[in-house]
S.K.: 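Dropping the structure in here first, questions after.
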Amino acid sequence: MGRAVPELPDVEGYRRVLAEHAVGRRVRQVRVTDSGVLHGVSPAGLDRALRDRRFTEPARHGKWLLAHTDGPTLLLHFGMTGSLHWAEEDQPVHRHDRVLVRTDGGELRYRDMRKLQGLRLAHTDDEVDRVLAELGPDAAAVDVDEFVDRLAARRRAAVKAVLTDQAVVAGLGNLLADEILWRAGVHPATGTGALDRARLGRLHREMRAVLARAVPAGRVPDRPGWLTGRRDDPTGACPRCGGPLARTRLAGRTTVWCPVCQPE
DNA sequence: GACGGTGTTGAGTC
DNA sequence: TGACTCAACACCGT
C-alpha cells in the first residue's frame, strides 16, 4: 500500500481512514516535520487552529480530502506519492511522515515522499469552496447528462486529456483514464468532438463501473481482465484480444492502449 | 555522480 | 482554445 499514485479510489480509502478512526477524536497536538507540505499556514498556526478541535465526518471531492472538524477544515491533496495513515503513538514514524496529528486515541499521519501538493487550512465553508473552485463535479457522482455536456464542451481536445482535466471532472488520473478508455474502446487521442452521445455515454458508464470496483478496494486494482497491471509490462498483451499493447506519451503522460480494441 | 523516467498540478509560451 | 514545456520534488535504475 502507498505505492500507487493516488487517484479518486485511493483518496476515498484515505477518507475511510478518517471516518473509521478519527471522527469524534479530539486533536491534542499537531507536529509538522517538514513545513514544505503546508500551504498558506505555518506549523504553529496549524497546531493552534486544530488543537482541541474534534474531527467530524470527512468528505472528498475529486482527489481532495476534506478533514472537517468542529472548527476549521484541513484539506489534503496527495500529489503523486501521498498517503494517510492511522497509527498508535508508539509506532515508529516513517521518514516521509510530514504531518502528525496526535489525538486522544491515536495519531493521524500524512505521508508524502515528493512534496508536490500538500495541506491547506480553511476556516470557513467559503474558504473550502475557494480551494475547490476550479474543480469539476466529482467523477463518482456526476450523472451522464452533465458528464456528456462537459466533455462535449471541450470538443477539440484529446479525450484522454479531457478525462484527466480536473476542471472537467474531478478525480481521474492517468491509470483510471487509460482503463476507462480501454473498456469503452475509445482511442485516447480521439477529439471529444468526434464522439457521439452514445460513445460519451459509454465512457460515463465505464467510468462508473471502474470506480464502483476501485473505490471499495481503495485503489485501481490490477486484477486480471483490467488494463492496469499490464501497463508496466513492456511486452504486455491486451486482456481482451491478446494483442500487443501500444504506448505513447499524450498530454504529458505515458498512455497505454490497445490498437485493435481502440482503433483511431 | 549524472541523467532520465515516474505523473499531479500550475504557470508560462506559442 | 489547446498543445507544449518547465518546475516543484524525491527516488530508482542505468
Side-chain angles (χ1 to χ4, degrees), chain A residues 1-14 32-41 60-66 75-84 93-99 109-120 130-136 138-140 149-182 187-195 214 219-220 222 227-234 236 245-257 264:
Chain A
M1 281 290 281
R3 289 278 319 131
V5 173
E7 303 186 50
L8 188 156
D10 308 78
V11 180
E12 183 61 23
Y14 303 143
V32 178
T33 63
D34 189 328
S35 60
V37 299
L38 299 187
H39 298 275
V41 63
R60 180 194 55 74
H61 189 98
K63 302 178 191 177
W64 279 97
L65 178 58
L66 283 60
L75 294 101
L76 305 93
H77 195 294
F78 300 92
M80 286 180 64
T81 54
S83 56
L84 194 66
V93 172
H94 189 277
R95 56 190 294 227
H96 297 136
D97 286 342
R98 315 290 191 187
V99 178
R109 296 176 176 175
Y110 173 80
R111 184 176 303 173
D112 196 14
M113 183 182 72
R114 300 166 71 176
K115 298 164 284 184
L116 294 182
Q117 296 296 324
L119 275 50
R120 294 172 186 278
R130 235 168 284 153
V131 175
L132 307 179
E134 303 301 314
L135 297 179
D138 188 78
D149 286 347
R150 297 184 73 90
L151 262 70
R154 297 281 304 277
R155 50 198 331 280
R156 303 183 70 90
V159 62
K160 164 78 181 272
V162 176
L163 283 177
T164 52
D165 185 342
Q166 303 301 297
V168 177
V169 289
L172 305 181
N174 201 38
L175 293 192
L176 278 172
D178 281 358
E179 187 73 45
I180 291 161
L181 289 166
W182 174 75
H187 190 283
T190 313
T192 53
L195 297 169
R219 55 179 303 198
V220 185
D222 56 0
L227 179 67
T228 309
R230 303 288 183 95
R231 61 180 298 125
D232 291 332
D233 178 3
L245 294 171
R247 73 181 53 234
T248 185
R249 230 172 151 72
L250 206 155
R253 280 108 140 191
T254 302
T255 299
V256 177
W257 81 98
E264 294 229 36

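In what follows, every chain begins at residue 1, and chains take the letters A, B, ... in the order their sequences are listed. Side chains included, hydrogens not; waters and symmetry mates left out as well; all remaining heavy atoms used.
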S.K.: For A:R156, look at atom CZ and say whether over 12 heavy atoms of other residues, nucleotides or ligands are found less than 6.0 Å away.
M.R.: no

S.K.: Among B:dT8, B:dT6, C:dA10, which nucleotide sits nearest the side chain of A:N174?
M.R.: B:dT8

S.K.: With rounding to whole Å, what would you report as the distance between B:dG4 and C:dT5 at their P atoms?
M.R.: 15 Å

S.K.: Provide the distance between the two P atoms, one in C:dG2 and one in B:dG7, to the nearest whole Å.
M.R.: 24 Å

S.K.: Between A:R156 and A:G252, which residue's closest nucleotide on DNA chain C lies nearer the 5′ terminus?
M.R.: A:R156

S.K.: Identify which nucleotide among C:dA10, C:dA3, C:dC11 has an atom closest to any side-chain atom of A:R95, counting heavy atoms from C-beta outward.
M.R.: C:dC11

S.K.: Taking A:R60 for its side chain and A:G62 for its backbone only, find out whether a donor-acceptor pair lies under 3.5 Å.
M.R.: yes

S.K.: What is the ring orientation for A:H187 with A:W257, classed by angle as parallel under 30°, tilted 30 to 60°, or perpendicular over 60°?
M.R.: perpendicular

S.K.: Round to a whole Å and report the spacing from CG of A:D112 to P of C:dA8.
M.R.: 17 Å

S.K.: Measure the distance from CG on A:L163 to P on C:dG2 and round it to the nearest whole Å.
M.R.: 14 Å

S.K.: Nearest of B:dT6, B:dT8, C:dA10 to any side-chain atom of A:T254?
M.R.: B:dT6

S.K.: How does DNA chain B look in dot-bracket notation if pairs are Watson-Crick or G-U with both distances under 3.5 Å, crossing ones as [ ], other-strand ones as |?
M.R.: .|||||.|||||||

S.K.: Please tell me which of the listed nucleotides, C:dA10, B:dG7, C:dG2, lies nearest to the side chain of A:A157?
M.R.: C:dG2

S.K.: For the residue pair A:H77 and A:W64, does the interplanar ring angle fall in the parallel (under 30°), tilted (30 to 60°) or perpendicular (over 60°) class?
M.R.: perpendicular

S.K.: Give the nucleotide from the list B:dT8, B:dT6, C:dC11 with an atom nearest to the side chain of A:L116.
M.R.: B:dT8

S.K.: Determine, for A:R253 against A:D178, whether the closest basic-nitrogen to carboxylate-oxygen distance falls under 4.0 angstrom.
M.R.: no

S.K.: When the distance from CZ of A:R247 to C1' of B:dT6 is rounded to whole Å, what number comes out?
M.R.: 12 Å

S.K.: What's the NE2-P distance between A:H39 and B:dT8, to the nearest Å?
M.R.: 17 Å

S.K.: What are the two closest heavy atoms between A:G173 and A:E7, and how far apart are they?
M.R.: N-OE1, 2.6 Å

S.K.: Are A:L38 and A:V32 packed together at the side-chain level, in the sense that at least one heavy-atom pair is separated by less than 4.5 angstrom?
M.R.: yes

S.K.: Let me confirm one number: the CG-CG distance from A:L163 to A:L176, rounded to the nearest 0.5 Å.
M.R.: 10.0 Å

S.K.: Could you please spell out the steps behind the side chain to side chain contact (heavy atoms under 4.5 Å, CB included) verdict for A:V159 and A:L195?
M.R.: CA-CA 9 Å; A:V159 62; A:L195 297 169; 4.1 Å; yes

S.K.: Please state how far atom CG in A:D178 lies from atom C1' in B:dG7, giving the value in whole angstrom units.
M.R.: 12 Å

S.K.: Using a cut-off of strictly less than 4.0 Å, decide whether A:K115 has a side-chain nitrogen or oxygen near OP1 or OP2 of C:dA10.
M.R.: yes

S.K.: Ignoring backbone atoms, establish whether A:H96 has a side-chain N or O less than 4.0 Å from OP1 or OP2 of C:dC9.
M.R.: no

S.K.: So how far is it from A:T33 OG1 to A:R98 CZ, rounded to the nearest 0.5 Å?
M.R.: 6.5 Å

S.K.: Looking at A:L135, is its backbone amide N or carbonyl O close enough to the side chain of A:Q166 to form a donor-acceptor pair, meaning the two atoms are under 3.5 Å apart?
M.R.: no

S.K.: Should A:R249 be listed as having a side-chain N or O under 4.0 Å from OP1 or OP2 of B:dT6?
M.R.: yes

S.K.: Tell me: CZ of A:R231 to P of B:dT6, nearest whole Å?
M.R.: 10 Å

S.K.: Just how far, in rounded Å, is P of C:dA8 from CZ of A:R114?
M.R.: 12 Å

S.K.: Which nucleotide wins on minimum distance to the side chain of A:M80, given the candidates B:dT8, C:dG2, C:dA10?
M.R.: B:dT8

S.K.: Look at all strands and tell whether A:A251 reaches a base, only sugar-phosphate, or nothing, counting heavy atoms closer than 4.0 Å.
M.R.: nothing

S.K.: Distance check: side-chain N/O of A:T81 vs OP1/OP2 of C:dC11, anything under 4.0 Å?
M.R.: no

S.K.: Using a 4.0 Å heavy-atom cut-off, write out nucleotides 9-14 of chain B from 5' to 3' as B (base contacted by protein), S (sugar-phosphate only) or - (no contact).
M.R.: S-----

S.K.: Nearest whole angstrom, please: distance from the P of C:dA10 to the CZ of A:R111.
M.R.: 16 Å

S.K.: Measure from the side chain of A:R154, starting at C-beta and using heavy atoms only, and say which of C:dC11, B:dG7, C:dG2 lies closest.
M.R.: C:dG2

